[in-house]
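As structure tokens, the structure follows; a few thoughts come after it.
By convention in this document, chain letters (A, B, ...) are assigned in the order of the sequence lines, proteins followed by strands, and residues within each chain are numbered from 1.
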Protein chains: 2
Amino acid sequence: METRQRAAQRDAAQNRRQELLEAADRVVLRDGPSASMNAIAAEAGITKPILYRHFGDKSGLYRALAERHTDALLAALRAALDAPSDRRERLASTIDTYLARIEARPQVYRFLMHPAESEQGFDSGRHTAPLLRRLGEELGKFVQDRLELGPGSEQRARVWGHGIVGMMHAAGDWWLGERPCPREQLVAHLVDLLWGTLATAEDRPRAGRTDRAEAGPVESGAESGQNEQSGTELPRA
Amino acid sequence: METRQRAAQRDAAQNRRQELLEAADRVVLRDGPSASMNAIAAEAGITKPILYRHFGDKSGLYRALAERHTDALLAALRAALDAPSDRRERLASTIDTYLARIEARPQVYRFLMHPAESEQGFDSGRHTAPLLRRLGEELGKFVQDRLELGPGSEQRARVWGHGIVGMMHAAGDWWLGERPCPREQLVAHLVDLLWGTLATAEDRPRAGRTDRAEAGPVESGAESGQNEQSGTELPRA
DNA sequence: AACTGCGGTTACCGCTAGTAACAAATACGT
DNA sequence: ACGTATTTGTTACTAGCGGTAACCGCAGTT
């Protein structure tokens with residue numbers, strides 16, 4: 001069997017794999033998530049079939065690549081989440097860590113949000129990037145482990161995990177595109193939101209309002225009255 | 001000029017456009033967001049170039065399609081958000097409306113979350129589906145209009161808008177995939193989260209914990225100690 | 001009858017992911 | 001030392017995508 005040799009080959013293959021991943025990383029960083037297999041192969045100094053021998057599939061390569069980055073991000077987040085400070089402080093610092101990360105390397109971030117898009121089987125569900133799923137699950141476990149939530153705590157913790165992660169992600173994504181404020185301020189607003197300020201905020205005084213008729217929050221089109229459920233579609237609800 | 005004829009032709013073109021959109025809708029509903037232009041053309045009983053004459057571009061068609069669905073969803077959400085009930089109730093009902101919608105037509109939902117993915121220019125920012133952006137903006141305006149948030153209220157309202165929408169989306173997406181609980185429960189958990197229960201929940205009593213050493217929330221791999229920022233990557237921060 | 005504009009088609013381009021088939025080199029058993 | 005099998009790499013290909021150019025035929029106008 002020559003196990004020693006076998007092992008050596010395995011090692012060599014692993015090293016090769018790492019090199020290839022690094023090359024792919026460089027290309028994705030340069031070209032965005034639409035980097036082609038040809039381009040990646042060229043960057044690695046080889047040709048396509050080798051890539052396919054190592055990763056089987058484009059989504060295979062992308063998965064391997066995403067796993068690396070996700071691991072790194074997750075480690076940073078765990079550190080922030082596990083700091084010995086006050087709960088609110090930890091929340092803020094975790095969100096800030098995430099935002100700092102996506103701010104520092106938007107290309108990587110963008111790549112992590114997309115990499116699926118291939119599988120053409122319409123398996124409704126599983127749309128979100130694996131990164132978000134994983135972050136949500138992790139945070140859910142953390143909450144479940146740290147907080148006393150009463151009966152049904154597991155479900156609640158998981159919902160919260162995914163919800164908080166989604167909030168972080170969407171706000172971060174929007175912020176990254178428009179840069180409407182410095183990062184600390186975004187963090188502060190999000191923490192406020194999660195801290196229940198939404199519940200305690202005052203109603204804004206408005207003019208007499210028996211029925212909605214004047215300047216509402218409406219922006220464009222479709223002011224066609226009360227189409228609430230069965231309006232334009234939903235033929236089989 | 002024959003403006004009457006011109007007008008008739010315009011009308012015909014508009015009708016045609018609607019037919020094409022409906023055909024495209026059927027195909028997307030059947031094949032998911034990866035429906036090809038060929039398939040859509042075939043479903044409409046014509047060939048590709050006509051599609052291109054009408055919509056110019058695949059993303060053009062997809063944008064038109066998404067706009068219809070987004071308008072419908074937005075109308076439903078506005079109705080829920082504008083009901084004459086208690087604030088917390090309105091929040092719950094809005095979230096529930098959204099969830100009911102994506103539950104009823106997951107294919108449409110899935111399509112709405114994806115349709116970009118083409119543009120190969122790496123314009124970091126603008127990753128999220130336009131639907132989410134629009135929902136976030138709308139909700140932000142609503143909050144800004146209805147709540148008294150003190151100085152800097154506009155920014156805060158926008159952050160909250162995008163944050164809440166992101167929370168709803170991520171939790172809904174996860175829920176749609178795993179179905180871990182009935183919808184009402186998911187809604188209740190999310191409302192609780194936004195209502196500040198995170199701030200007031202008790203710490204869970206834990207065994208002596210001078211430093212983290214035992215069962216943490218960690219799940220797999222990468223327990224390599226304190227790599228918080230400069231650990232695995234981020235070479236140019 | 002000739003002309004013009006529009007709906008529609010076929011046939012193509014350049015690109016992609018993915019693969020089959022072949023070439024060289026290296027380590028192996030005998 | 002020699003054949004042999006395995007790994008590493010290549011070239012050259014398929015099938016299908018988005019997108020387009022060039023052409024066909026039928027309405028109405030003059």
Side-chain angles (χ1 to χ4, degrees), chain A residues 1-21 23-24 27-28 30-65 111 114-121, chain B residues 1-21 23-24 27-28 31-65 111 114-122:
Chain A
M1 295 282 179
E2 295 302 327
T3 64
R4 285 178 55 92
Q5 175 130 340
R6 279 307 223 216
Q9 281 178 357
R10 282 264 168 99
D11 270 18
Q14 280 298 103
N15 289 349
R16 199 82 172 97
R17 205 181 142 97
Q18 290 306 316
E19 288 173 27
L20 296 187
L21 276 179
V27 176
V28 164
R30 167 160 40 84
D31 296 355
S34 62
S36 84
M37 292 299 261
N38 252 326
I40 295 176
E43 169 72 29
I46 51 163
T47 48
K48 273 195 298 176
I50 305 185
L51 273 187
Y52 282 96
R53 282 227 258 268
H54 274 268
F55 301 99
D57 197 339
K58 181 170 191 175
S59 84
L61 199 171
Y62 274 39
R63 234 179 294 125
L65 212 51
F111 163 73
H114 253 283
E117 84 167 61
S118 53
E119 61 232 69
Q120 57 215 14
Chain B
M1 294 280 180
E2 294 300 328
T3 64
R4 284 178 55 90
Q5 176 131 340
R6 280 303 223 216
Q9 281 178 356
R10 281 267 168 100
D11 270 16
Q14 279 297 103
N15 290 348
R16 200 83 172 96
R17 204 181 144 97
Q18 290 305 317
E19 289 172 27
L20 297 188
L21 276 180
V27 176
V28 164
D31 297 355
S34 63
S36 83
M37 293 300 263
N38 253 325
I40 294 177
E43 169 72 28
I46 49 161
T47 49
K48 273 193 300 178
I50 306 185
L51 275 186
Y52 283 97
R53 284 226 255 267
H54 273 270
F55 300 100
D57 196 338
K58 179 170 192 176
S59 84
L61 200 172
Y62 274 39
R63 234 179 295 125
L65 212 51
F111 163 72
H114 254 283
E117 85 169 58
S118 51
E119 60 230 66
Q120 57 215 13
F122 45 99

Specify the closest pair of heavy atoms between L21(B) and A64(B), including all atoms of both residues, with the distance to one decimal.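 Result for this residue pair: CD2-CB, 4.0 Å.
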When the distance from [atom1] of [X] to [atom2] of [N] is rounded to whole Å, what number comes out?
X	N	atom1	atom2	value
Y52(B)	dG7(C)	OH	P	18 Å
R63(B)	dG18(D)	CZ	C1'	15 Å
K58(A)	dA17(C)	NZ	C1'	8 Å
D57(B)	dC17(D)	CG	P	17 Å
H54(B)	dT20(D)	NE2	P	16 Å
M37(B)	dC13(C)	CE	P	21 Å
Y62(B)	dC17(D)	OH	P	11 Å
I50(B)	dC24(D)	CD1	P	17 Å

Starting at CE of M37(A), measure out to CG of D57(A) and round the result to the nearest 0.5 Å.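 Nearest 0.5 Å value for the CE-CG distance: 7.0 Å.
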On a plain distance test, is the side chain of K48(B) in donor-acceptor contact with the base of dG19(D) below 3.5 Å?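 Answer is yes: a donor-acceptor pair is held.
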Could one point to a donor on the side chain of R53(A) or the base of dG9(D) with an acceptor on the other under 3.5 Å away?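 Yes.
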Using ring centroids (six-membered ring only for Trp), state whether F111(A) and Y62(A) fall under 6.0 Å.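 Close enough - the centres of the two rings lie under 6.0 Å apart.
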I would like to know whether E43(A) and D31(A) meet side chain to side chain contact (heavy atoms under 4.5 Å, CB included); could you show each step before the answer? CA-CA 12 Å; E43(A) 169 72 29; D31(A) 296 355; over 6 Å; no
Along DNA chain C (nearest heavy atom to each residue), the more 5'-positioned of G45(B) and G56(A):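 Comparing both residues, the 5'-ward one is G45(B).
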Of all the choices, dG9(D), dG18(D), dA21(D), which nucleotide is nearest to the side chain of P49(B) once you look at every atom?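 Per side-chain heavy atoms of P49(B), the pick is dA21(D).
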Can a side chain N or O of T47(B) be found less than 4.0 Å away from OP1 or OP2 on dG8(C)?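 The answer is no; no side-chain N or O of T47(B) sits under 4.0 Å from OP1 or OP2.
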